[in-house]
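Please read all numbers here as calculations on a predicted model, not as lab measurements.
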Protein chains: 2
Amino acid sequence: MSIRDVAEQVGVSIATVSRAFNAPDQVAPETRRRVMQAATQLGYVPNSSAQTLRRQFSKVLGVVLPTLLNPVFAECLDGIAQMAAANGYSIVPMTTDYQLAGEEAAVNRLLAYSVDGMILVVSNPQTSQELVKLQARSLPYVLLYNRHADHPCVSVDCEGAMGQLIHRLAGMGHSRIAMVSGQLAASDRSQQRYRGYVTGMRECGLDAYDLVEVPFMDAVVSRLAQFLGAARRPSALVCSNDLLAIRCLRAAHVAGLEVPRDLTVVGFDGIELGRDLTPVLSTIAQPNREIGRRGVQLIVQALGKGRALDPAASLTLSHEFHEGESCAPAAS
Amino acid sequence: MSIRDVAEQVGVSIATVSRAFNAPDQVAPETRRRVMQAATQLGYVPNSSAQTLRRQFSKVLGVVLPTLLNPVFAECLDGIAQMAAANGYSIVPMTTDYQLAGEEAAVNRLLAYSVDGMILVVSNPQTSQELVKLQARSLPYVLLYNRHADHPCVSVDCEGAMGQLIHRLAGMGHSRIAMVSGQLAASDRSQQRYRGYVTGMRECGLDAYDLVEVPFMDAVVSRLAQFLGAARRPSALVCSNDLLAIRCLRAAHVAGLEVPRDLTVVGFDGIELGRDLTPVLSTIAQPNREIGRRGVQLIVQALGKGRALDPAASLTLSHEFHEGESCAPAAS
DNA sequence: TTGTAGGCGTTATCAG
DNA sequence: CTGATAACGCCTACAA
């Protein structure tokens, strides 16, 4: 079912068929009509491997994300898909499961696919070998959520945001504020948020708790419930992401605490689901779809001009504190 | 950065380079070593467009899903990804947003990519033009969640499951049981679940409510809260999916009802998040990852033998009622 | 307006 | 064990 079959069926050369698709105005209306008809009748679809080989671009953008099980990334991908479609690009999303090996596999596969550009969320921009690989080929790429001076990034100032949050909670009378995060090593975002926590606590003259690091999502509730049952438990929990915050809500319940009366819980990300929970999840909301859209925009724009993308093109989008219902002044 | 560059660098023919990758034992150990070294040094990655063109397969499976914003599909995709990787296949997921146009676009694009097989969740297998397109090419495909006698499917008997659920609720003393669903036309699953509801109600000698159809996720909570505030409100709500059920939980709260004391809510899907909510979401759980895995297995197996996939190969996996905490006997 | 032909990067066949 | 070469399906000068 190649261009040949169509050409034969219509009784024209393959060049004419090709033109009917790619330069319709260069072919006689009647011929074009017959070509298109034969094409639909035969179910002909131009083979994009052949196209990519011949043209030297694919109109495909690769997307590398940690996981789609976290709605943050699903929402972001939604934004990416929108903006990509609007610009005539397809996307090929790949998932790393927060593994370095996954990042390498994804990037390599995407390179093999001859994607025109790449949008990625990596675990550590600083040390990522994949990024140098992209640079070496001067393949346009942009990082999402990650923040690093040497790479083009679209992100939110999460360190600052977390600092502000601590100030806000302190202002509400909280002094025993603990932070919960996933595996710190797997995400520079978590690290930045943690830094913001530490800094914020210091600025407020409060003692920072040891970070509560919960590597595996499954054991997390019991682990947290135990923490909340201990003496000198915190009066507020800030979480490095919303999914974790939701688990904290559950853990509080398991530990016999009522949110927000006995415990304030604040997440980070602003996933849509959080707005429909009870209590409505308080969170530092990032514009996830917008992050995706702007990432695509940058790439498309770089593709339009020459090559590569300047780190100076990085964007810091603004976050927003969603008050929610899981947040209240400290009991006095 | 093609095979030529590597060949040149090493001083061998491109054939040898190709062999070093595809038939390592047909090339002298020393030569192979040099080739591989040059390859990594130059950052050479075999171009899969060229490979796909030359071989007549791509080792890629296309995946067509309604959305990734619903964790059901994200979890399923996770299973697909696992099993695909285990069998040496890549996947290219595409999203339709529950639109027919989206299904067509996705299928066409995947065909253009020369995927070896396709795994899809469509809105209506009965009338889908895309499926006949696949059949016409005898491209192996399998439907997930959909159920239809003429197509190979991996699914759960959701009509039966919903019927059982009604019986169970009736057994708990509920008689005013209403059903909530998204846009019915967009999903044969919802239709089947609704049929199960109607049948179940009839069997139990109960009056079925008019279906509460909430097309748009955003207005859903207020819409539902209003419904729950009306006279002769139901004592139990069964939902066509978990995401909706979560909104029902919220709506109940907004309407001043306490779950499960004043209202029982049961979802459908068994998304993982439901287990960490308060109240823990009662639901008819489907083995989402397993559905994905088995779908891939069927395709791979079909690919192994000749072609196509017999509808008789369809699998009905078993569901499981998760009791949760959002479910209680009717107040008497 | 249409046709011819070269080549995109690979693999596989056939010689050597 | 290695090399030369013909496709794979398509696009695009260049001719006609």
- Ignoring hydrogens and angles, answer whether the base of C/dG9 and the side-chain atoms of A/R54 contain a donor-acceptor pair closer than 3.5 Å. no
- Compute the angle between the rotation axes at the two ends of the helix from C/dT1-D/dA16 to C/dG16-D/dC1, each taken over five pairs, rounded to 10 degrees. 40°
- Query: Knowing that exactly one of B/L309, B/I119, B/L131, B/L61 qualifies, which makes a side-chain contact (heavy atoms from CB on, under 4.5 Å) with B/Y141?
  - Reply: B/L131
- Is any side-chain N or O of B/T16 closer than 4.0 Å to OP1 or OP2 of D/dG3? yes
- Query: What is the distance from atom CD of A/Q129 to atom CG of A/L134, rounded to the nearest 0.5 Å?
  - Reply: 11.0 Å
- Task: Send over the distance from A/I3 CD1 to D/dT12 P, rounded to a whole Å.
- Result: 11 Å
- Between A/Y44 and A/F21, ring centroids under 6.0 Å: yes
- Could you say whether A/R32 or A/I14 is positioned toward the 5' end of DNA chain C, judged by the nucleotide with the nearest heavy atom to each? A/R32
- Message: Assuming nearest nucleotide by heavy-atom distance, tell me which of B/Q26 and B/Q56 is located more 5' along DNA chain D.
- Response: B/Q26
- Task: Measure from CG on B/D5 to C1' on C/dC8 and round the result to the nearest Å.
- Result: 13 Å
- Query: So, for A/Y113 and B/Y113, is the gap between ring centers shorter than 6.0 Å?
  - Reply: no
- Distance check: side-chain N/O of A/T31 vs OP1/OP2 of C/dT1, anything under 4.0 Å? no
- When you check the phosphate oxygens OP1 and OP2 of D/dC11, does a side-chain N or O of A/R55 lie under 4.0 Å from one of them? yes
- Do we see a donor-acceptor contact under 3.5 Å between the side chains of A/N288 and A/Y145? yes
- Over how many whole Å does the gap from A/R19 atom CZ to D/dA16 atom C1' extend? 12 Å
- Please report, rounded to the nearest Å, how far the P atom of C/dA12 is from the CG atom of B/L53. 13 Å
- Taking side chain as C-beta onward, heavy atoms only, is A/V154 less than 4.5 Å from A/E290? no
- Please state how far atom CZ in B/R4 lies from atom P in D/dA4, giving the value in whole angstrom units. 11 Å
- CG (A/D78) and CZ (A/R293) are apart, to the nearest 0.5 Å, by 8.5 Å
- Message: To check you understand the geometry: which heavy-atom pair defines the closest contact between B/A39 and B/V6, and what is its length?
- Response: N-CG1, 4.2 Å
- Message: For a quick check under 3.5 Å, do A/N124 and A/S128 share a side-chain donor-acceptor pair by atom type?
- Response: no
- Starting at CZ of A/F21 and ending at P of D/dC11, how long is that distance when rounded to a whole Å? 9 Å
- Task: Report yes if at least one side-chain N or O of A/Q51 is closer than 4.0 Å to OP1 or OP2 of D/dG9; otherwise report no.
- Result: no
- Distance check: side-chain N/O of A/S18 vs OP1/OP2 of D/dC10, anything under 4.0 Å? no
- Item | Least distance between heavy atoms, B/M94 atom then A/I91 atom | CE-O, 4.2 Å
- Query: Going by number, which of residues 35-49 of chain A have a non-hydrogen atom under 4.0 Å from DNA chain C?
  - Reply: none
- Message: If I take atom CZ in residue B/F57 and atom C1' in nucleotide D/dC8, what distance separates them, rounded to the nearest angstrom?
- Response: 13 Å
- Message: What's the closest nucleotide to the side chain of B/A15 if the choices are C/dT11, C/dT10, C/dA12?
- Response: C/dA12
